There are 2 protein chains.
Amino acid sequence: MLTKKKQLLFEKQAEIAKAIAHPLRIAIVDFLKDGEQCVCDIARYVGSERSNVSRHLSVMVNASILEYRKQGLKVIYRLRTPCILDFFACVTGVLKQQAKDNQKLLAAL
Amino acid sequence: MLTKKKQLLFEKQAEIAKAIAHPLRIAIVDFLKDGEQCVCDIARYVGSERSNVSRHLSVMVNASILEYRKQGLKVIYRLRTPCILDFFACVTGVLKQQAKDNQKLLAAL
DNA sequence: TTATTATGTGAGTATATAATCATATAGTCA
DNA sequence: TGACTATATGATTATATACTCACATAATAA
């Protein structure tokens, strides 16, 4: 049976995973892997409204995935947890597996 | 600007991340890291209804995180993508960072 | 055959999340 | 000061997700 301690840990881990689990947020993380960027440039890159991007950024700041600094009018965000990028390496592996499976299926038809 | 190709990749990655981003599903992954288990034992371990656990399991199978085999009446699930476990190492790092920040904040009050 | 057990799924409800629009805040510059 | 720009946030609506209950399926054993 699951201990209360583990349950709490899994809840926290799920919060962080949720904070990554959105295409737009993944695009932001990908954009930031080469260096910090302001909200305006992030919004331009991902092609979404600033207000929406701002919300997604705050989700990731709350989850400690990003951090920011203010510079004049601009707010500049950067990655705080580079190991997040390793996660995408794993996920890409899963996707390759999926693609292989689809090929097999296709070949079997 | 984001290419269509990248956008598609990020959508796929988000789907997989979503399939992990739930406390109960993380508990299941943790339970399975030491070996395959039937739905009945998984449900007992996580302390939730079988119908609910069954749904969570199918979410992870669809995302290629788990696979299963049938043995008589039982359906036995196992991890398919061990690198998923590395992800939790990263996430645990994030949580430690959060805890440190909270300590700093507390010390500053 | 019937009964039993393990699992999966449809339907309904409750809750969480995302996107948009309008507005607020706050820094900059003339 | 007022105009402009960047960012954040409240309110609303649309959509997605999770959980529960009832029922369906399917393997097994008596």
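As the structure is a prediction and not an experimental result, all values here were calculated from the model. Numbers restart at 1 for each chain; the letters A, B, ... are given by sequence-line order, proteins then strands.
For B:His56, no side-chain nitrogen or oxygen approaches OP1 or OP2 of D:dT17 to under 4.0 Å. One finds a side-chain N or O of B:His22 lying less than 4.0 angstrom from the OP1 or OP2 phosphate oxygen of D:dC19. Of the side-chain N and O atoms in A:Arg25, one or more sit less than 4.0 angstrom from OP1 or OP2 of C:dA18.
Contact check on A:Asp30 versus A:Lys33 returns a salt bridge, with a Lys/Arg side-chain nitrogen under 4.0 Å from an Asp/Glu carboxylate oxygen. A salt bridge between A:Arg80 and B:Asp101 is present, with a side-chain N of the basic residue lying under 4.0 Å from a carboxylate O of the acidic one.
The side chain of A:Ser54 lies closest to D:dT7, out of D:dT7, C:dA19, D:dA18. The side chain of A:Lys74 approaches D:dT7 more closely than any other nucleotide in the set C:dT5, D:dT7, C:dT7. Residue B:Glu49 places its side chain closer to D:dT20 than to any other of D:dT20, C:dA19, C:dC21. Listed nucleotides D:dT20, C:dA19, C:dT7 differ in distance to B:Val39; the shortest reach to its side chain belongs to C:dT7.
Contact annotation for A:Ser51: base contact, defined as any heavy-atom pair under 4.0 Å involving a base atom. Across all strands shown, B:Tyr77 has heavy atoms under 4.0 Å from sugar-phosphate atoms exclusively, and none from any base.
Atoms CG (A:Leu57) and P (C:dA19) sit 12 Å apart, rounded to a whole Å. In this structure, A:Lys18 places its NZ atom 12 Å from P of D:dT17, rounding to the nearest Å. One interatomic measurement links the two molecules: CG of B:Leu73 to C1' of C:dT4, which rounds to 9 Å at whole-angstrom precision. Rounded to an integer number of Å, the gap from A:Glu11 CD to C:dA16 P is 13 Å. Rounded to an integer number of Å, the gap from CZ of A:Phe10 to P of D:dA18 is 17 Å. Taking atom NZ of A:Lys70 as the reference point, atom P of C:dG27 lies 7 Å away to the nearest angstrom. Regarding A:Gln71, its CD atom lies at a distance of 13 Å from the C1' atom of C:dT28, rounded to whole Å. For B:Asn52 and C:dT7, the CG to C1' distance is 14 Å, given to the nearest whole Å.
Annotation: the span from A:Arg55 atom CZ to A:Arg50 atom CZ amounts to 15.5 Å, rounded to 0.5 Å.
One donor-acceptor pair, N or O on each side, does fall under 3.5 Å between the base of D:dT20 and the side chain of B:Arg55.
A parallel orientation is assigned to the rings of A:Tyr45 and A:Phe31, their planes being inclined by less than 30° (bins at 30° and 60°).
Judged purely by distance below 3.5 Å, without hydrogens or angles, the side chains of B:Gln98 and A:Ser64 pair a donor atom with an acceptor atom.
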